[in-house]
Amino acid sequence: MKTLSPLGMAALGSGIIAITYGLARFVFGLFLPAMRDELMITPTMAGVIGALPFLSFVFAILAATWVTRHLGIRRTGVAAAGLAGIGLVTIALAPSSLVLAAGVLICGISTGLSSPVMAETVHKVVPFALRGRVNATINAGTSLGIAIAMPAVLIWAEAWRSAYIGFAALAVLGTLAALCYLPKEDRVSPAGPRPVALQASREQWLGIARLSGLAVGMGGVSAAYWVFAPDAVINAGGLAPSQTAWMWLAVGLGGLLGAGAGDLISRFGPAASHAAGLVVTSASLALLALDPGNFALALVSAALFGAGYMTLSGFYLVRSTQIMTEAPSFAPVLPLLATSVGQVAGSPLAGWLVGTEGHVTAFMLFAILGLAVAGVGTWLLKERGAAVVAPL
């Protein structure tokens, strides 16, 4: 089979990430108001269900390196996209909140498998000098998936089941693309040689630990927006459900800026890049809290959130592979895992705050938390991170 070019790898990887992250994981909040009405889900229950894909992501990404080693790149990529399709169909057909929860759990598994296998593929097929850029571009594929949800909401504003059937059909196409174009790699035989243990220095482990600690905070801050932003503008602001489609389009378009995360690190350094992403994310939360019924302000908020979140997730992916250059499938595991740990904690907390204090208070508190994490990150990454800086 012909080796993928860097451009081809970026296109294929972006498509798979668009399905597993954008459609299977992050558009849930966009359809949550309609789901709540039909299945009679309370805000607290919505927060718990919203945390489930992040929770299953945690377990999946912990197993992803082992799965990739034993199944190979192609089989693991096919499994990731295929599970996304299964989860999306389960959500579409869910007769109750319990089945809905099962569907979002399956979607989280697909997400957890996809990032490590894409990072491993980039390591194998993309020249060293282009890996940071290709990894960041693939990570920004999440934005494409989110943007795809926009016409789905305009067509099926209340018919969320039809939208999820459409998403499942795209997941089938992604599964076929993975089967046809991902490089084939023989899985490890149980009787074969044991894999070489991961060799990493103390400074590398400390660098990954700092990234992971900051990622917990970022995940918690972002959870409120992912799960409750559409709910806020509809129930607190009085906007129509169809208008949230334009918000998610703005999130997707803004998120495309995350493709520049690798270049941002090279130009401004890790500390400034990380702080900028969190300040932008906090600004998006604060803007939505100021006037959730202002549609123009909601669009600006959504674009800022997409830009901030995708820059940060790209930052953790690219920076981790710079720190552990010889372990491309393992390097992003802990920071991405930490992001989901923060989201698992942040989603129920946001649901509780929305139910007790309202959307405005909840979003302002999460915006303040984002600024606090930005301050801590500036200190950690600038004062102690210099020893592990590596070129793209």
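Source: prediction; values computed, not measured.
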Asks: Between Asn235 and His359, do the side chains contain an N or O donor and an N or O acceptor separated by less than 3.5 Å?
Replies: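 Not at all, the side chains of Asn235 and His359 share no donor-acceptor pair under 3.5 Å.
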Asks: Consider only side-chain N and O atoms of Arg131 and Gln322, and report whether a donor and an acceptor are under 3.5 Å apart.
Replies: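 Not at all, the side chains of Arg131 and Gln322 share no donor-acceptor pair under 3.5 Å.
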Asks: Using the rule that two of Ile, Leu, Val, Met, Phe, Trp, Tyr join whenever any of their side-chain heavy atoms come within less than 4.5 Å, decide whether Val360 and Leu239 are in one cluster.
Replies: no
Asks: Would you say the ring centroid of Phe305 lies under 6.0 angstrom from that of Trp226?
Replies: yes
Asks: Please say which of Leu336, Ile109, Val341 ends up in a side chain to side chain contact (heavy atoms under 4.5 Å, CB included) with Phe57.
Replies: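 With Phe57 as partner, Leu336, Ile109, Val341 yield a single side chain to side chain contact (heavy atoms under 4.5 Å, CB included), made by Leu336.
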Asks: Below 4.5 Å, heavy atoms only, C-beta onward: do Leu214 and His274 meet side chain to side chain?
Replies: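 In contact.
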Asks: Treating Thr76 as the side-chain partner and Val117 as the backbone partner, does any N or O pair qualify as donor plus acceptor under 3.5 Å?
Replies: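 Here the side-chain-to-backbone pair does not exist.
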Asks: Keeping Ser347 on the side-chain end and Gly47 on the backbone end, is there a donor-acceptor pair under 3.5 Å?
Replies: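 Answer holds: yes.
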Asks: With a 3.5 Å cut-off and no angle check, do the side chains of Thr281 and Tyr225 form a donor-acceptor pair?
Replies: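 Absent: no donor and acceptor within the cut-off.
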Asks: Is the shortest heavy-atom distance from the side chain of Leu211 to the side chain of Leu381 under 4.5 Å?
Replies: yes
Asks: Decide if the gap between the ring center of Phe295 and the ring center of Trp246 is smaller than 6.0 angstrom.
Replies: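 Centroid distance Phe295-Trp246: not below 6.0 Å, so no.
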Asks: In Å, rounded to the nearest 0.5 Å, how long is the span from CD1 of Ile19 to SG of Cys107?
Replies: 11.5 Å
Asks: So do the side chains of Ser143 and Leu253 get within less than 4.5 Å of each other, counting heavy atoms only?
Replies: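 Ser143 does not reach Leu253 side chain to side chain.
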Asks: Taking the side chain as C-beta and beyond, is there a heavy-atom pair between Pro292 and Phe363 under 4.5 Å?
Replies: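 Contact flag for Pro292/Phe363 side chains = no.
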Asks: Taking all heavy atoms of Ala81 and all of Gly174, pick out the closest pair and write down the distance.
Replies: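 Heavy-atom minimum between the residues: CB-C, 4.0 Å.
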Asks: Do the non-hydrogen side-chain atoms of Met9 and Ile138 ever get within less than 4.5 Å of each other?
Replies: yes
Asks: With a 3.5 Å distance limit and no angle check, can you tell me whether Ser282 reaches the backbone of Ala367 through a side-chain donor-acceptor pair?
Replies: yes
Asks: Test side chain to side chain donor-acceptor pair (under 3.5 Å) on Thr142 and Tyr309; report intermediate values, then the result.
Replies: CA-CA 10 Å; Thr142 301; Tyr309 183 86; over 6 Å; no
Asks: Do Ile91 and Met35 have side chains that get closer than 4.5 Å, going by heavy atoms?
Replies: yes
Asks: Has the side chain of Thr244 got a donor or acceptor atom that lies under 3.5 Å from a matching backbone atom of Ala240?
Replies: no
Asks: Quick check: does any side chain N or O of Thr68 sit under 3.5 Å from a backbone N or O of Ala64, one acting as donor and the other as acceptor?
Replies: yes
Asks: Would Val354 end up clustered with Leu365 when hydrophobic side chains under 4.5 Å apart are linked, directly or stepwise?
Replies: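 Yes, because Val354 and Leu365 connect within a single hydrophobic cluster, where side-chain heavy atoms sit under 4.5 Å apart.
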Asks: Side chain to side chain donor-acceptor pair (under 3.5 Å) for Arg25 and Ser340? Distances and angles first, verdict last.
Replies: CA-CA 11 Å; Arg25 182 174 174 186; Ser340 278; 2.8 Å; yes
Asks: Is there a side-chain contact between Leu144 and Leu256 in this structure, where contact means two heavy atoms from C-beta onward sitting under 4.5 Å apart?
Replies: yes
Asks: Considering only heavy atoms from C-beta outward, does the side chain of Thr361 approach that of Phe366 to under 4.5 Å?
Replies: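 Thr361 does not reach Phe366 side chain to side chain.
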Asks: Would you please indicate if the ring centroids of Phe31 and Tyr164 are separated by under 6.0 Å?
Replies: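 Yes, they do, as the ring centres are separated by less than 6.0 Å.
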Asks: Give the intermediate values and the outcome of side chain to side chain donor-acceptor pair (under 3.5 Å) for residues Glu357 and Trp352.
Replies: CA-CA 8 Å; Glu357 304 295 334; Trp352 176 75; over 6 Å; no
